[in-house]
Amino acid sequence: MSSKDQKRAPICEALERLRKKRVVPFDVPGHKRGRGNPELEQLLGDRCVSLDVNSMKPLDNLCHPVSVIREAEELTAEAFGADHAFLMVGGTTSAVQSMILSVCKAGDKIILPRNVHKSAINALVLCGAIPVYVDMEVEERIGIALGMENEKLKKAIAANPDAVAVLVNNPTYYGICSDLVSIVATAHSHGMKVLVDEAHGTHLYFGKNLPISGMAAGADMAAISMHKSGGSLTQSSVLLTNRTMNAEYVRQIINLTQTTSASYLLLSSLDISRRNLALRGEASFAKVVDMAEYARTEINAIGGYYAYGKELINGGSVYDFDVTKLCVYTQDIGLTGIEVYDLLRDEYDIQAEFGDIGNMMAYISIGDRIRDIERLVGALADIKRLYEKDGSGLIDCEYIQPEVVVSPQKAFYAKRRSLPIEETEQCVCGEFVMCYPPGIPILAPGERITREIIDYILFAREKGCSLQGTENPQVEYLNVIQER
């Protein structure tokens, strides 16, 4: 397929042909191009609701594509340097889970870092695979987990030679990248598949002088959040596979959980966004890099904040760094990241991506402008001047690696009882506890609850982090499994 084909957007073209035909709809959705729900049409606009249509022969079918969707997938695969691409309408959660379900069955071991997104551990609950966590270094100054080191991976493989796959974050939420080429070589030499969670790495496929992408490194599968740095609509994603995978089997796995009523708003946004990145991605992400580096320099010049970057690279636990991630350590002004995040929103009308105990993140993308960056920098300077305080009582570690006692699936479905959080020390957790975003579990089913973890949860709750995953909405109680 020649590069000029990247100017095509087959799904969008098919939708435009359908719109011009003025077809009378006697199918779902029941709003019938918005006529049956005028308030929805008023909110979203006539153009949007008129394109919210059902699968039909001229538009193909995501579950079994043979025409325009298959062509869009082929264009996406070419643009990303993959053997095959699947358009996903269940977010990268669905893509990550499809990767794991494609290579793992009940009882299989998968090697992964503990700082994975909840979607990966949810997949283990679904399929019954057993996690083997690689020990992770922590950057002491900012308290975040670093990358997967190849030597530690080799130790995990030596102890678990029967593992079937390795999953890697590329990059982490905080911009940390591992030595992906070496990890792929190590895993493949032991007959293991390599799965890459690139929810925050779409731009790695199109930007210059950025860390290597999963497909370029030779990984078997990669999950890509096009809606994050790629510009498509929220919930739209892409799953990439290499020729080492049976693509049609992977599609069968996807169809186990993905909707049979795929949104053409999401599919067309993936089609348009792929075309945009293929034609203009390199120039667009060069601007994103420049804006992020400018912001990093200006924020560090304020004093008290630490917007970290490539200086963290050490060739091992930080093999590379994604400079588009504008993460700022805030505790040196006596405030947690979530407190700065809340102040930015409530007092300055600036919505950051997330705030946690130590860090605040501003997501810089193809839609940002320099004047927006300057407004953010000005607000951070103002917050330091008005709200800075003594931070000696703050907890300073984002990442605690729990002990796995039983598999996530066994713990999730075990008999459980509810206890006040303060009374759960040394119990085995039967549910998830996480701050969202970023959605990395503090505790997952099957993990030992320690005093340090309890203190972290209580501190995060007190400071206003959005805690999720527990059956108890207020996160005052935890479900623990009843051990014999």
Side-chain angles (χ1 to χ4, degrees), residues 1-14 59-103 170 193-207 212-233 235-259 262-264 266-279 281:
M1 190 178 296
S2 63
S3 59
K4 70 179 189 303
D5 290 326
Q6 291 295 338
K7 295 177 182 176
R8 296 277 318 281
I11 298 172
C12 301
E13 293 159 12
L59 295 181
D60 209 356
N61 189 298
L62 185 61
C63 294
H64 190 84
V66 294
S67 59
V68 294
I69 293 177
R70 186 166 285 272
E71 187 181 352
E73 288 183 342
E74 289 168 355
L75 287 164
T76 302
E78 183 197 54
F80 280 86
D83 191 58
H84 200 96
F86 301 89
L87 306 184
M88 307 292 292
V89 294
T92 309
T93 287
S94 178
V96 167
Q97 292 177 349
S98 295
M99 287 197 303
I100 293 173
L101 295 176
S102 293
V103 300
N170 190 56
K193 300 293 188 188
V194 178
L195 319 177
V196 185
D197 181 347
E198 291 185 306
H200 299 278
T202 307
H203 50 289
L204 304 185
Y205 287 84
F206 301 96
I212 194 169
S213 68
M215 288 293 104
D220 299 283
M221 306 180 79
I224 313 291
S225 276
M226 279 287 275
H227 69 93
K228 291 188 171 76
S229 59
S232 64
L233 290 178
Q235 200 177 308
S236 58
S237 181
V238 172
L239 175 60
L240 305 174
T241 65
N242 225 321
R243 59 180 50 84
T244 54
M245 301 299 300
N246 178 340
E248 295 312 316
Y249 173 72
V250 172
R251 193 183 301 281
Q252 289 179 329
I253 295 292
I254 292 169
N255 285 340
L256 290 175
T257 55
Q258 184 160 258
T259 179
S263 165
Y264 278 88
L266 299 181
L267 292 175
S268 59
S269 82
L270 285 169
D271 204 18
I272 290 172
S273 300
R274 180 271 312 155
R275 179 174 64 182
N276 181 45
L277 294 182
L279 300 178

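Here the CG-SG distance, from Asn255 to Cys63, works out to 4.5 Å after rounding to the nearest 0.5 Å. The OG1 atom of Thr76 sits 12.0 Å away from atom CZ of Arg275, with the distance rounded to the nearest 0.5 Å. Residue Thr257 holds its OG1 atom at 8.0 Å from CD1 of Ile254, rounded to the nearest 0.5 Å. Atom CG of Asn170 is separated from atom CG of Leu195 by 13.0 Å, given to the nearest 0.5 angstrom.
Side-chain atoms of Met245 and Lys193, non-hydrogen and from C-beta on, do get closer than 4.5 Å to each other. Glu13 has its side chain out of reach of Val68: every pair of non-hydrogen atoms, C-beta onward, lies at least 4.5 Å apart.
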Exercise. Run the side-chain contact (heavy atoms from CB on, under 4.5 Å) check on Ile11 and Glu71 step by step: do they pass?
Worked result: CA-CA 8 Å; Ile11 298 172; Glu71 187 181 352; over 6 Å; no

Exercise. Going through the distances and angles, do Leu204 and Ile212 end up as a side-chain contact (heavy atoms from CB on, under 4.5 Å)?
Worked result: CA-CA 6 Å; Leu204 304 185; Ile212 194 169; over 6 Å; no

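Between the side chain of Ser273 and the backbone N or O of Ser232, at least one donor-acceptor pair lies under 3.5 Å. A donor-acceptor pair is defined here as one N or O able to donate and one able to accept, closer than 3.5 Å; no such pair exists between the side chain of Asp83 and the backbone of Thr241. One N or O on the side chain of Ser263 and one on the backbone of Leu266 form a donor-acceptor pair closer than 3.5 Å. Of the possible donor and acceptor atoms, one in the side chain of Ser269 sits under 3.5 Å from a partner among the backbone N and O of Leu233. Distance alone, capped at 3.5 Å, is enough to place a donor-acceptor pair between the Arg274 side chain and the Gln6 backbone. Under the 3.5 Å distance criterion, the side-chain polar atoms of Glu198 are left unmatched by any main-chain donor or acceptor of Ser213.
Counting all heavy atoms, side chain and backbone alike, Leu240 lies closest to Ala85 at CD2-CB, 3.7 Å. The two atoms that bring Val238 and Leu270 nearest to each other are CG2-CD2, 4.0 Å, heavy atoms only.
For His227, the ring-ring contact (aromatic ring centres under 6.0 Å, His included) criterion is met by no residue, not counting sequence neighbours. Residues passing the side-chain hydrogen bond (donor to acceptor under 3.5 Å, both in side chains) test with Asn242: none are found, sequence neighbours excluded. The side-chain hydrogen bond (donor to acceptor under 3.5 Å, both in side chains) search around His200 returns none, not counting sequence neighbours. Contacts of Tyr264 classified as ring-ring contact (aromatic ring centres under 6.0 Å, His included), with partners at least two apart in sequence or in another chain: none. Qualifying side-chain hydrogen bond (donor to acceptor under 3.5 Å, both in side chains) partners for Thr259, counting only residues two or more places apart in sequence or in other chains: none. Listed by chain and residue number, Met88, Thr92, Ala223, Ser237, Leu239 satisfy the side-chain contact (heavy atoms from CB on, under 4.5 Å) test with Ala95 (two or more places apart in sequence, or in another chain). Take Asp197 and apply the salt bridge (charged side-chain N to carboxylate O under 4.0 Å, His left out) test, not counting sequence neighbours, and it matches no residue. Residues meeting the side-chain contact (heavy atoms from CB on, under 4.5 Å) test with Thr202, sequence neighbours left out: Phe80, Ile224, Met226, Ser229, Leu277. Applying the side-chain hydrogen bond (donor to acceptor under 3.5 Å, both in side chains) criterion to Gln252, with sequence neighbours excluded, gives no partner residue. With sequence neighbours excluded, the residues that form a side-chain contact (heavy atoms from CB on, under 4.5 Å) with Ala262 are Leu62, Val89, Leu267.
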Scan the side chains in residues 214-222 for donor-acceptor partners under 3.5 Å anywhere in the protein, sequence neighbours excluded, and list what turns up.
unit_1: Asp220; atom_1: OD1; unit_2: Thr244; atom_2: OG1; d: 2.5
unit_1: Asp220; atom_1: OD2; unit_2: His188; atom_2: NE2; d: 2.8
unit_1: Asp220; atom_1: OD2; unit_2: Val194; atom_2: N; d: 2.6

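The salt bridge (charged side-chain N to carboxylate O under 4.0 Å, His left out) analysis of residues 244-259, with sequence neighbours excluded, yields the pairs Arg70-Glu248, Glu73-Arg251, Glu248-Arg251.
Taking the six-membered ring for Trp, His84 and Phe86 have ring centres closer than 6.0 Å.
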